[in-house]
Trainee: 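Quick one: structure below, then a few questions.
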Amino acid sequence: MSRRVVVTGLGAVCGLGLDWQTMWEGLTAGRSAIRAWQLPGVEDFPVRYAAPVDDAGFAARYGAEADPDRPLERRARFGLAAAAQALADAGIDGPGTVGRIGTAVGSGVPERDPYELLHAIGEDGQPGWQTLFGRRDRLDRASGLFCTNDALAAGIAARHRLRGPALNFSTACAGATHAVGHGFRMIRRGEVDAMVVGGADSVLNLPTMTGLHLLGAPSTSELFGDRLCRAFDRDRSGLVAAEGAAMVVLESEESARRRGATIYAELAGFGSSLDAYQVTAPHPEGHGAALAMSRALADGQVAPDAVDSINAHGTSTPLNDPIETRAIKDVFAAGAHYRKLAVTANKTMLGHLIAAAGAPELIATVLSVRDGIVPPTLNLENPDPACDLDYVPEKARYQEVSVAVSNSFGFGGLNASLVVRGYEH
Amino acid sequence: MSTDIASRGDDAGLAPASDPSFDPDAVVVTGIGAVLPTGRGPEALWTAWREARPALTPYQDPYVRTKKITHFGHVPADLQQLSRDSVPHKLRKFGTGFTFDAVLAAEDAMRQAGESWQAIPEERRGLYVAQDDSTELSVAAFHKALDRARTDTSPQVGADLTRVVAEAFGNAATFNPFTVIRALNNNTLALVSIAQRFRGDCAAFVQDAGAALGALQRAAFSLRQGDCDTALVVGAGSYNEPLKLAAQYRAGNLTAGDHDAAPLRSFDAGRDGTVLAEGAVALVLERAGDAAARGARPLVEVLGAALRPAVDSGVGPAALAESARGLMAAHGVMPDSLGAVLADGKGTVHHDAAEAELLRALLKDSGVPVSSVRPVVGTLGAAGPLAELALAPSLFAAGELPPIAHLATPPDDGTDFVTGTARKRRIDSVLSLHSSFNGFAGALLAKRPHLV
């Protein structure tokens, strides 16, 4: 069985806002969530800009998820909030609304509390971990001790009584896109009728940010202030870390129409690939990225020249931007169609949500198709000569978008692309 | 929710026309590699199981010193070194011990699948990984942080933790710059893809034993849809990390080690907890028609998998039994026609009681024998279900089901737990059951492959 799959619910929690409507309004207005930021409790940490979630606003709006006494990681709190939002938006308010529903989410590096670990190994001055097992009172219930990588998938299933498959993907910055693609395939095959899919992540903690910093990934430049994430610009200087979550409800067309759900767009294709090149660098000719896009188009039976826009991975890193540009050119080479593509990099406004990144970008792609607006690539003032596509600089553009592609690429050479099409019965 | 792994595709493959019962679209395993506490390869696991010889040893680790973790399923040191040596030198700085095990297991599986397998283009090779949650970030790096803290002149270590940590983390000489890569949960996927040249469809799952079921499902999807022509499924991980060990200890899941020679006593009245373990298993999957066309021998046919979250009290043993029963019915396998059931048998009071109830609900009076390999190899995470699939060819060939090691007092509830000596029996199909510590439970169904 092969069924059409449509998007019927959206949910987002990110630096631009605590719901998908605010996020979309911000993206189309060219507002950035990137701002001066300090790693909590560390004054001289070299990374000075990020796109954090508004904690006070989140607590006020999502009290249950924000409750610090609950043994949940920060990313899981955002993910639960986004999932609840998406299900409500889809009009799925409990078991039985739709037949079989599952969930698939992408996650990244678990949070590890350095305080917990240092308490564990440090207080008796011995080079061992025995205190970890003895000092129950010193361990935070919301710490990594209790929070596993798949807690969000289990939590969404439990909270909403979703009895279908609950899956947790971990493919670095392509995690959420992999999760979406898998859910898409399950619905298309008839395994389930609907899936809550997306991702949640937060790396704005000392261990992970330090690890990323030592890899040279986040920008430490203060030259451009909050106009720091400069994808495809000559002066790009690295990614800007963010946090948050986004979830979408995917549903079979048959199910959505039967219950009269609002259909935002059709998810038409998914493709993934591996670079098999290096752990920390993409293939220099963009082979893997091109293969993922080509596969997604073939999967959706979409000709390259039918595509109007691309939501680029667009990290603002020296390696990604020119290589992604090259891959786009390869895939859309026929008739030099790449010249007609509107390419946008949402990370210039959202920051990089790491494992969750593909999820808000999918929402932006879906809404771009629905509304006929391509959000801008912010801060693109001096295009890199190696990046010579139409990146929709600075201001959103109104144009018809019938078909769009959303790209996500991750550490380790993992690539995933989705194809979104306007819905027509 | 059951997932039909062996659904029929549109492209018919290259089946021998002379055998009408041959299904070219069946998903078969043609290569198996294993790096486990029992040693290298599935034969080592099978032999240890037959001989009721546990590979669980006193726990030891250079960083973790505790008497509360009494035993562990360590991969032997010489095999760990062999695994490390199997990884190209330039990749080693990105990996952890279990990712190295995965690379070696993958190499062994591909070798068994045969040289002709190498003719499959790299873009047509799919890679699907189940990995355990990694806390690599927390171990050596924090130990070094502690060392720095000891040289601190402040009156009490930990008085200014923020400063100590910030200094330790900000110093590249103290902190491995690739730590975040080593901590990534797609680390195994990355290293295997690079080391073994996989460029096709891919996925990586992290959810304890359920991850392997997800990876198997995804591999089968891709084979069926034509997204790849061969699929390597790899499960790898280790519970030997401080936070995981502490969590399991605090949850009361670990044995106190009172039965030193038999620390893990699945289903026994005297059981007191499980023994955690580490290792990797890799399986080469392909369509039966493709395997036949290139002259490869199928070792086991994978029929399907079921994976359910513990949504609420409605998903108890009875519901899971229903799920497993549905999986079997979808493939024409009824409980009384099963050759064997491999139970999870973690050895904790709670998990085994729940599983015994599940087995009773599922098997009733069918007389199907139940065993478990857990007392021999320990509780594996992501590699667990794949290890049991790796045992299936030996079960088919030997025609016997080894007993549950050290099971002296089984539950008296009608389930036929194999004790003492191996049960002689023709075995054409195997159901293995899995529960995770994180609220997922599943089943995997396999059968003797059709040989052409």
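Per chain, numbering begins at 1; letters A, B, ... match sequence-line order.
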Trainee: Is a donor on one side and an acceptor on the other found under 3.5 Å between the side chain of B/N186 and the backbone of A/G412?
Mentor: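 A pair under 3.5 Å: no.
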
Trainee: Do you know which of B/A190, B/A204, B/C228 has the most heavy-atom pairs under 4.5 Å to chain A?
Mentor: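 Ranked by contacts with chain A, first place is B/A204.
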
Trainee: Would you indicate whether the side-chain heavy atoms of A/P165 and B/L307 approach each other to under 4.5 Å?
Mentor: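 Answer no - side chains too far apart.
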
Trainee: Within the structure provided, determine whether B/D133 and A/D150 are in side-chain contact (heavy-atom separation under 4.5 Å).
Mentor: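 No - every pair of side-chain heavy atoms lies 4.5 Å or more apart.
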
Trainee: Locate the shortest heavy-atom distance separating B/R199 from A/R295; write the atom from each residue and the value.
Mentor: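 So the two residues come closest at O-NH1, 4.4 Å.
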
Trainee: By a 4.5 Å heavy-atom criterion (distance strictly below it), what part of B/D227 contacts chain A: side chain, backbone, both, or neither?
Mentor: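 Its backbone and side chain both get close to chain A.
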
Trainee: Output all residues satisfying side-chain contact (heavy atoms from CB on, under 4.5 Å) with A/L80, sequence neighbours left out; order by chain, then residue number.
Mentor: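 Counting only residues at least two positions away or on another chain, A/L80 forms a side-chain contact (heavy atoms from CB on, under 4.5 Å) with A/E65, A/R70, A/L72, A/L152, A/I156, A/R159.
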
Trainee: Return the OG to NE2 distance between B/S222 and A/H182, rounded to the nearest 0.5 Å.
Mentor: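 Spacing of OG (B/S222) from NE2 (A/H182) equals 9.0 Å.
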
Trainee: In sequence, state the C-alpha distance, the side-chain angles, and the governing distance for A/S272 and B/R218, and then conclude on side-chain contact (heavy atoms from CB on, under 4.5 Å).
Mentor: CA-CA 12 Å; A/S272 75; B/R218 177 62 183 272; 3.7 Å; yes

Trainee: Can you tell me how far the CG atom of A/L291 sits from the CG atom of B/D201, to the nearest 0.5 Å?
Mentor: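 That separation rounds to 9.5 Å.
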
Trainee: Among B/A251, B/G214, B/A203, B/G442, which residue has the highest count of heavy-atom pairs closer than 4.5 Å to chain A?
Mentor: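 Of B/A251, B/G214, B/A203, B/G442, B/A203 has the most heavy-atom pairs under 4.5 Å with chain A.
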
Trainee: To the nearest 0.5 Å, what is the distance between CG (B/L189) and CG (A/L274)?
Mentor: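 One gets 5.0 Å once the value is rounded to the nearest 0.5 Å.
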
Trainee: Are any of the side-chain heavy atoms of B/R224 and A/R189 separated by less than 4.5 Å?
Mentor: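 The answer is yes, as the side chains (C-beta and beyond) meet within the 4.5 Å cut-off.
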
Trainee: When you measure from the side chain of B/R197 to the backbone N and O of A/A276, does any donor-acceptor pair fall under 3.5 Å?
Mentor: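 Such a contact is found between B/R197 side chain and A/A276 backbone.
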
Trainee: Mind checking which of residues 122-132 of chain B sit less than 4.5 Å from chain A, heavy atom to heavy atom?
Mentor: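 The stretch touches chain A at B/E123, B/R124, B/L127.
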
Trainee: Name the region of B/F94, side chain, backbone, both or neither, that has any atom closer than 4.5 Å to a heavy atom of chain A.
Mentor: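 Only the side chain of B/F94 comes within 4.5 Å of chain A.
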
Trainee: Of the listed residues (A/V279, A/T280, A/L39), which shares the most heavy-atom pairs with chain B below a 4.5 Å separation?
Mentor: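 Highest number of heavy-atom pairs under 4.5 Å: A/V279.
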
Trainee: Mind checking whether A/R161 and B/P309 have side chains closer than 4.5 Å, heavy atoms only?
Mentor: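 Not touching, per the 4.5 Å side-chain cut-off.
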
Trainee: Strictly less than 4.5 Å between heavy atoms, which residues of residues 167-180 of chain A line up against chain B? Please order them by number.
Mentor: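 Under the 4.5 Å heavy-atom cut-off, A/L167, A/N168, A/F169, A/S170, A/T171, A/A172, A/H178 qualify.
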
Trainee: Name all residues meeting the ring-ring contact (aromatic ring centres under 6.0 Å, His included) criterion together with B/F198; count only those two or more places apart in sequence or in a different chain, and write none if there are none.
Mentor: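 So B/F198 forms a ring-ring contact (aromatic ring centres under 6.0 Å, His included) with B/W117.
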
Trainee: Quick one: what part of A/H287 sits under 4.5 Å from any heavy atom of chain B, side chain, backbone, both or neither?
Mentor: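 Backbone plus side chain of A/H287, per the 4.5 Å heavy-atom cut-off to chain B.
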
Trainee: In terms of heavy-atom proximity below 4.5 Å to chain B, should A/D275 be classed as side chain, backbone, both, or neither?
Mentor: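 Backbone only.
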
